[in-house]
Visitor: 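Got a structure for you, questions after.
Numbers here are sequence positions counted from 1.
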Amino acid sequence: MIGAISYKLRAEKTARLPLINGRLMHAAFFKILHEFSPELESFVHEKLNIKPFTVSFADPLNNIPSVEGRWQVKRGDKFFWKVTGLNEEILRAALAIPIGYEIQVGELILTVDDTNSEIFSKEEFISNVKKFSPATEIEFEFLTPVSFRIDNFDAPYPRADLIFPSLADKWTQVQMPAAVDKKVIKEISAQIRLTEWQGRSKKFYLANDRGTLGFWGIFKYSLKEINSDVRKVFMLLAKFGEYSGVGRLCAQGFGQTRVKFYEVFNLL
């Protein structure tokens with residue numbers, strides 16, 4: 001199974017919340033996993049390097065002022081939160097969160113007011129993407145920062161040969177039905193050109209003494225140099241990124257992604 005569950009949350013008290021709050025939402029979801037199944041929580045936490053879920057930042061639905069990198073939250077303020085799952089157990093845990101459930105996020109308490117879900121079998125996901133015509137361009141909208149690790153360096157580079165091999169790694173880790181070869185994906189990615197972009201990069205601090213470089217924005221890539229059958233593989237990986245996240249720290253809110261496909265024809 002693969003899917004996403006969205007939550008509308010309501011603040012129960014006045015408190016401050018970091019704008020970059022993925023670590024807090026990560027901790028909140030592990031508490032949810034523990035309550036659902038201590039064995040599942042322990043296995044995911046201790047045994048898996050690539051987590052089979054992502055969490056978004058808690059994102060305000062109304063206009064909330066911020067001071068020095070923190071939302072100044074008041075009782076009644078509303079937030080959007082999204083969890084994606086790449087296996088049935090994670091999705092069952094996320095779906096088990098009832099209306100009225102209280103989520104502790106640092107010093108803030110958020111109550112679940114509403115939920116919405118979209119869940120597919122892995123085979124259905126692949127079939128749905130294959131219905132698209134072979135795209136000549138793929139657009140990634142990176143909603144939250146994306147970062148890659150090269151040796152001991154954070155690489156805030158929107159390069160196709162970083163994005164697609166990263167997705168191939170995640171695809172293999174969660175045992176998607178159609179096998180992909182990361183080495184081959186990386187080689188073919190060298191033919192993919194970045195054609196348009198609007199974005200920026202910045203160092204984001206996850207704690208007072210810990211930060212990572214990341215980029216975000218809208219980036220469009222040309223697949224024109226790749227044959228149509230292989231384009232479908234890259235389309236699958238790109239769409240998979242909406243559920244797996246792109247790059248590092250996706251279980252802490254980084255790499256949240258929205259994808260569009262385009263067919264662009266040369267005009268004479």
Side-chain angles (χ1 to χ4, degrees), residues 4-38 40-42 44-45 51 53-85 90-91 93-117 141-147 154 200-217 245 247-258:
I5 298 92
S6 302
Y7 307 88
K8 289 184 179 178
L9 309 176
R10 172 173 39 86
E12 291 294 334
K13 55 181 283 190
T14 297
R16 298 185 303 166
L17 177 69
L19 275 63
I20 306 300
N21 53 60
R23 291 185 76 189
L24 295 175
M25 303 314 295
H26 172 89
F29 189 63
F30 263 107
K31 182 176 183 294
I32 290 166
L33 286 181
H34 182 79
E35 292 177 358
F36 179 79
S37 167
L40 175 62
E41 183 267 343
S42 178
V44 172
H45 186 268
K51 305 305 181 192
F53 68 87
T54 76
V55 300
S56 73
F57 300 154
D59 190 22
L61 289 173
N62 50 303
N63 187 24
I64 299 177
S66 64
V67 177
E68 296 180 348
R70 292 178 178 268
W71 302 115
Q72 307 299 300
V73 182
K74 295 181 180 178
R75 178 182 172 86
D77 283 339
K78 302 293 182 67
F79 289 83
F80 171 84
W81 186 42
K82 181 178 178 181
V83 174
T84 70
I90 292 292
L91 290 168
L95 286 168
I97 302 173
I99 302 298
Y101 181 87
E102 292 187 347
I103 300 173
Q104 184 79 41
V105 184
E107 59 189 49
L108 182 63
I109 297 174
L110 297 170
T111 297
V112 176
D113 273 350
D114 194 15
T115 67
N116 186 49
S117 63
E141 181 180 4
F142 297 118
L143 305 170
T144 60
V146 178
S147 182
D154 291 330
R200 57 178 295 193
S201 63
K202 181 181 176 181
K203 188 164 188 175
F204 295 88
Y205 285 90
L206 309 177
N208 291 335
D209 59 346
R210 182 183 172 197
T212 186
L213 287 166
F215 65 88
W216 73 101
R248 305 172 56 234
L249 303 172
C250 294
Q252 298 184 34
F254 278 56
Q256 295 279 306
T257 302
R258 187 181 295 133

Visitor: Should Tyr101 and Ile32 count as side-chain neighbours, where that means a heavy-atom distance under 4.5 Å?
Guide: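 They are in contact (side-chain heavy atoms under 4.5 Å apart), so the answer is yes.
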Visitor: Do you know the tightest heavy-atom contact between Gly22 and Phe57?
Guide: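 That would be N-CD2, 3.4 Å.
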Visitor: A side-chain contact here means heavy atoms from C-beta on lying under 4.5 Å apart; do Gln72 and Lys74 qualify?
Guide: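 Side chain of Gln72 against side chain of Lys74, heavy atoms only: no contact under 4.5 Å found.
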Visitor: Quick one: pull up CG in Asp59 and CG in Leu9 and give me the separation to the nearest 0.5 Å.
Guide: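 It is 11.0 Å, given to the nearest 0.5 Å.
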Visitor: Less than 4.5 Å apart, any side-chain heavy atom of Trp71 and any of Leu108?
Guide: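 Trp71 vs Leu108: side chains apart.
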Visitor: Please verify the inter-ring angle class for Trp216 with Phe204; under 30° counts as parallel, over 60° as perpendicular, anything in between as tilted.
Guide: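 Trp216 vs Phe204 ring planes: perpendicular.
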Visitor: Does atom CD of Glu102 have more than 12 heavy-atom neighbours from other groups under 6.0 Å away?
Guide: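 Correct, the count exceeds 12.
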Visitor: Do the side chains of Lys8 and Lys78 get nearer than 4.5 Å, heavy atoms only?
Guide: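 With C-beta onward as the side chain, the pair stays apart.
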Visitor: For Val146 and Gly255, work out which heavy atoms get closest and say how close.
Guide: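 In this case the closest contact between Val146 and Gly255 is CG2-CA, 3.9 Å.
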Visitor: What is the distance from atom CG of Leu249 to atom OG1 of Thr54, rounded to the nearest 0.5 Å?
Guide: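 Between atom CG of Leu249 and atom OG1 of Thr54 there are 12.5 Å.
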Visitor: Find the distance between CZ (Arg10) and CZ (Arg75) and round it off to the nearest 0.5 Å.
Guide: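 The CZ atom of Arg75 is 7.5 Å from CZ of Arg10, to the nearest 0.5 Å.
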Visitor: Ignoring hydrogens, what is the shortest heavy-atom contact between Pro98 and Val112? Give both atom names and the distance.
Guide: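 Shortest heavy-atom separation between Pro98 and Val112 comes out as O-CB, 3.8 Å.
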Visitor: What I'd like to find out is whether the side chain of Val44 reaches to under 4.5 Å of the side chain of Ile90, using heavy atoms alone.
Guide: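 Counting from C-beta outward, Val44 and Ile90 do come under 4.5 Å.
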Visitor: Restricting to non-hydrogen atoms, name the atom on Gln256 and the atom on Thr144 that form the minimum distance, rounded to 0.1 Å.
Guide: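 Minimum heavy-atom contact is N-OG1, 2.9 Å.
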Visitor: Does the side chain of Thr111 come under 3.5 Å of the side chain of Glu12 through a donor N or O and an acceptor N or O?
Guide: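 Yes.
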Visitor: At what distance, to the nearest 0.5 angstrom, does CD1 of Ile5 lie from CG of Leu95?
Guide: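 Going from the CD1 atom of Ile5 to the CG atom of Leu95 covers 4.5 Å.
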Visitor: Please examine the side chains of Leu24 and Leu17, heavy atoms only from C-beta on, and report whether any two atoms are closer than 4.5 Å.
Guide: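 A side-chain contact under 4.5 Å exists here.
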Visitor: Working note: Phe30 + His26, criterion ring pair (Phe, Tyr, Trp, His ring centres under 6.0 Å); need CA distance, chi angles, decisive distance, verdict.
Guide: CA-CA 6 Å; Phe30 263 107; His26 172 89; 4.8 Å; yes
Visitor: Please round to the nearest 0.5 Å and tell me the distance separating atom CG of Leu213 and atom NZ of Lys202.
Guide: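 So the CG of Leu213 and the NZ of Lys202 are separated by 11.5 Å.
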Visitor: In this structure, which one of Asn21, Ile64, Asn62 forms a side chain to side chain contact (heavy atoms under 4.5 Å, CB included) with Phe79?
Guide: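 One option only clears the test, and that one is Ile64.
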Visitor: Verify, without hydrogens or angle tests, whether Glu35 (side chain) and Ser37 (backbone) share a donor-acceptor contact under 3.5 angstrom.
Guide: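 No, Glu35 side chain to Ser37 backbone: no donor-acceptor pair under 3.5 Å.
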Visitor: Would you name the heavy atoms of Ala4 and Leu91 that are closest together and state the gap between them?
Guide: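 Taking Ala4 first and Leu91 second, the nearest heavy atoms are N-CD2, 4.5 Å.
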Visitor: Compare every heavy atom of Ala94 with every heavy atom of Phe29, then report the nearest pair and how far apart it is.
Guide: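 Phe29 and Ala94 have their closest heavy atoms at CE1-CB, 4.2 Å.
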Visitor: Look up atom CD in Glu41 and atom NE2 in His34, then write down how far apart they are to the nearest 0.5 Å.
Guide: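 NE2 of His34 is found 6.0 Å from CD of Glu41.
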Visitor: What verdict does the side chain to side chain contact (heavy atoms under 4.5 Å, CB included) test give for Trp81 and Leu110, after you've listed the backbone C-alpha separation in whole Å, the side-chain angles of each residue and the deciding distance to 0.1 Å?
Guide: CA-CA 11 Å; Trp81 186 42; Leu110 297 170; over 6 Å; no
Visitor: Pair Arg248, Asp154 - check salt bridge (Lys or Arg N to Asp or Glu O under 4.0 Å), show working.
Guide: CA-CA 10 Å; Arg248 305 172 56 234; Asp154 291 330; 3.2 Å; yes
